[in-house]
Amino acid sequence: MITLGLESSCDDTAAAILENSDQLLSSVVASQFSTHHDFGGVVPELASREHINNICYVVAQALARAELTFQSLDAIAVTQGPGLVGALLVGLTYAKGLAFSLGIPFVGVNHLQGHIASVLLENPAAEFPALSLVVSGGHTSLYYMTSATETRQLARTLDDAAGEALDKLAKLLGMGYPGGPVIDRLAEYGNAKAVSFSLPKISSGELAFSFSGIKSAAVRYVLQQGIVPVKKGATDDPERVPPQVLDLLASYQKSIVDQLIHRLDQGLSGRLVRSIQLSGGVSCNSELRQRAREHFERKGIQVYYPSLELTTDNAAMIAAAGVLRLRSGHRDDWDLQADPNLALYPVLPTSAEKKE
Ligand code: KG4
Ligand code: ZN
């Protein structure tokens, strides 16, 4: 079975071709980096327009790289939500039109299910039950999975997503968008103990993430210390970034990674967990990858994450999650709507939890 995956939920237009459930034939991403960079964040209207400009091109490229034609496609999987509604509509409308004209089925896919599936696409041997951390610009959620399709949310962020917290500090410091990769690159030149950020206390006692407190603390620090935005282009060279800013970035990144690892640790408590699976753009972060591996592998738990190309938004992960839906017999109708707040499915009580 040949599946075309399509992703257009935020600022990347992507198409990928997957054969069966695991053979990735091509994956093409048209980034809108230059469109949004100077705005310090994604401008929704510009994102929709760029998707319209790019979608035919990325599909043509994906087919060409896989050495296939439209007639080879058996099904289409497309992101239905969550995301920016105008951006989602471009991919969904294109998918419906193409599926209709080819007479093939299509399924809507939850973007978060896509990130989760990206880990298994490249690590089919990852064992269950697993803790799956999806950490991106729009989401920070922890799931307990007893299989690739049995997912239950254990925790989510009460305010900002981790990537959002990184992007907002970078914007304040004049470092453009997205901020995560820049902070990742510069943090290694700073002293992570220079500025202290405390772990948020969640008063309700529930397992949850929170990043707005450290973001506000960082903003206060910038104002109190009179730190000014860096000069354009200075982030290419750590020597052109003031040491105090490098220290702030290192301390800030460390505090975010500390919280992610701490919550994963809490998620282990009282549960059978055989692997930890990290996905979403922030899981590109080198400190997170390294510290998670060291910390959990010491406890005998394998840590898995996708290659960098499949960690940030892409369509291979949408195709992989779509195949799981198609295999379970699911098909969507022409009236399927884009849903900017789509909740993750299926929210089933898992067999392992029944034993808890
Ligand atoms: O998964 P993604 O491409 O899009 C969303 O679904 O949000 O994630 C984008 C986020 C941005 O906030 C970006 O700053 C962050 O991922 N990011 C990183 C790194 N690369 C991308 N954060 C930390 N370290 C990185 N190396
Ligand atoms: Zn994403």
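Counting begins at 1 with the first residue of the sequence.
Surrounding CD of Glu206 are more than 12 heavy atoms belonging to other residues, nucleotides or ligands, all under 6.0 Å away. Within a 6.0 Å radius of OH in Tyr189, other residues, nucleotides and ligands contribute 12 heavy atoms or fewer. At most 12 heavy atoms of other shown residues, nucleotides or ligands fall within 6.0 angstrom of atom CZ in Arg156. Annotation for Arg49: atom CZ does not count as buried by contact number, only 12 or fewer foreign heavy atoms lying within 6.0 Å.
Scanning both residues, Cys10 and Val42, for their nearest heavy atoms gives SG-CG2, 4.0 Å. Looking at every heavy atom in both residues, His115 comes nearest to Thr311 through CE1-O, 3.5 Å. For the residue pair Ser136 and Ala161, the shortest heavy atom distance occurs at O-CB, 3.6 Å. Shortest non-hydrogen contact noted between Leu102 and Phe70 is CD1-O, 3.6 Å. A pairwise comparison of heavy atoms in Ala47 and Leu84 identifies CB-CD1, 4.4 Å as the closest pair. Considering all non-hydrogen atoms of both residues, Ala218 and Phe197 come closest at N-CE2, 3.7 Å.
From Ser307, atom OG reaches atom CG of Asn314 across 8.0 Å, with rounding to the nearest 0.5 Å. For the atom pair OG (Ser72) and CD1 (Ile104), the distance works out to 10.0 Å, reported to the nearest 0.5 Å. Atom CD of residue Glu287 and atom CG of residue Leu260 lie 10.0 Å apart, to the nearest 0.5 angstrom. Annotation: the span from Asp184 atom CG to Asn285 atom CG amounts to 4.0 Å, rounded to 0.5 Å. Rounding to the nearest 0.5 angstrom, the gap separating the CZ atom in Arg152 from the OG1 atom in Thr146 is 10.0 Å. Considering OG1 of Thr149 and CD1 of Ile116, their distance stands at 11.0 Å, rounded to 0.5 Å.
Checking Leu6, Asn54, Thr13 one by one against Val59, the side chain to side chain contact (heavy atoms under 4.5 Å, CB included) holds for a single residue, Leu6. Test Gln290, Arg291, Arg298 against Glu294 for side chain to side chain donor-acceptor pair (under 3.5 Å) and you get one pass: Gln290. With Ser212 as reference, Asp159 is the one residue of Asp159, Asp160, Thr157 to meet the side chain to side chain donor-acceptor pair (under 3.5 Å) rule.
Cluster annotation: Val257 is connected to Leu142 through the hydrophobic network of ILVMFWY side chains, with a link wherever side-chain heavy atoms come within less than 4.5 Å. In the hydrophobic cluster analysis, where Ile, Leu, Val, Met, Phe, Trp and Tyr join through side-chain heavy atoms closer than 4.5 angstrom, Tyr221 is grouped together with Phe211. Cluster membership for Leu88 and Leu344, using ILVMFWY side-chain heavy atoms within less than 4.5 angstrom, is not shared. In the hydrophobic clustering of this structure, Val43 does not group with Leu89; members are Ile, Leu, Val, Met, Phe, Trp, Tyr whose side-chain heavy atoms approach within less than 4.5 Å, directly or through other members. If you chain together hydrophobic residues whose side chains sit under 4.5 Å apart, Phe209 and Leu268 fall into the same group.
Taking 4.0 Å as the cut-off between side-chain N and carboxylate O, Asp167 and Lys171 do not count as a salt-bridged pair. A salt bridge links Lys299 to Asp265: at least one charged side-chain nitrogen sits closer than 4.0 Å to a carboxylate oxygen.
For the residue pair Glu309 and Ser27, no side-chain donor N or O sits within less than 3.5 Å of a side-chain acceptor on the partner.
No side-chain donor-acceptor contact under 3.5 Å links Asp247 to the backbone of Gly190. A donor-acceptor pair is defined here as one N or O able to donate and one able to accept, closer than 3.5 Å; such a pair exists between the side chain of Ser251 and the backbone of Val195. Counting only distance, with no hydrogens or angles, the side chain of Gln23 and the backbone of Leu25 share no donor-acceptor pair below 3.5 Å. Arg240 contributes no side-chain N or O that, together with a main-chain N or O of Asp236, makes up a donor-acceptor pair within less than 3.5 Å. Proximity of a side-chain donor or acceptor of Asp333 to a complementary backbone N or O of Asp335 within less than 3.5 Å is not detected. The backbone N or O of Gly108 sits less than 3.5 Å from a side-chain atom of Arg325, completing a donor-acceptor pair. For the pair Tyr252 (side chain) and Ala165 (backbone), a donor-acceptor distance under 3.5 Å is present. Looking only at distances, a side-chain donor or acceptor of Ser101 sits under 3.5 Å from a matching main-chain atom of Leu98. Judged by distance alone, the side chain of Gln302 and the main-chain N or O of Arg274 form no donor-acceptor pair under 3.5 Å. Side chain of Lys215 to main chain of Glu164: no donor-acceptor pair is present (N/O by atom type, distance under 3.5 Å, no hydrogens or angles).
Residues Asp12 and Ser31 meet the side-chain proximity criterion, which asks for heavy atoms closer than 4.5 Å. Within the 4.5 Å cutoff, the side chain of Tyr305 has no heavy atoms near those of the Leu133 side chain. Side-chain contact between Val109 and Thr79 is absent, with no heavy-atom pair separated by less than 4.5 Å. Between Pro82 and Asn341 the shortest side-chain heavy-atom distance does not fall below 4.5 Å. At a threshold of 4.5 Å between non-hydrogen side-chain atoms, the residues Gln113 and Thr151 count as touching. The side-chain heavy atoms of Leu121 and Met317, taken from C-beta on, include no pair separated by under 4.5 Å. With contacts defined as side-chain heavy-atom distances shorter than 4.5 Å, the pair Glu150/Met145 does not qualify. Side-chain contact between Asn123 and Val119 is present, with at least one heavy-atom pair separated by less than 4.5 Å.
Between His111 and His139, the ring-plane angle classifies as tilted under the 30° and 60° cut-offs.
Ring centroids of Phe39 and Tyr177 are separated by 6.0 Å or more, keeping the two rings apart.
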Take Arg65 and Ile17 through the side chain to side chain contact (heavy atoms under 4.5 Å, CB included) test and state the conclusion after the steps. CA-CA 9 Å; Arg65 288 186 201 173; Ile17 311 274; over 6 Å; no
Check the pair Gln225, Leu248 against side chain to side chain contact (heavy atoms under 4.5 Å, CB included), reporting the backbone distance first and the verdict last. CA-CA 11 Å; Gln225 301 289 317; Leu248 171 63; over 6 Å; no
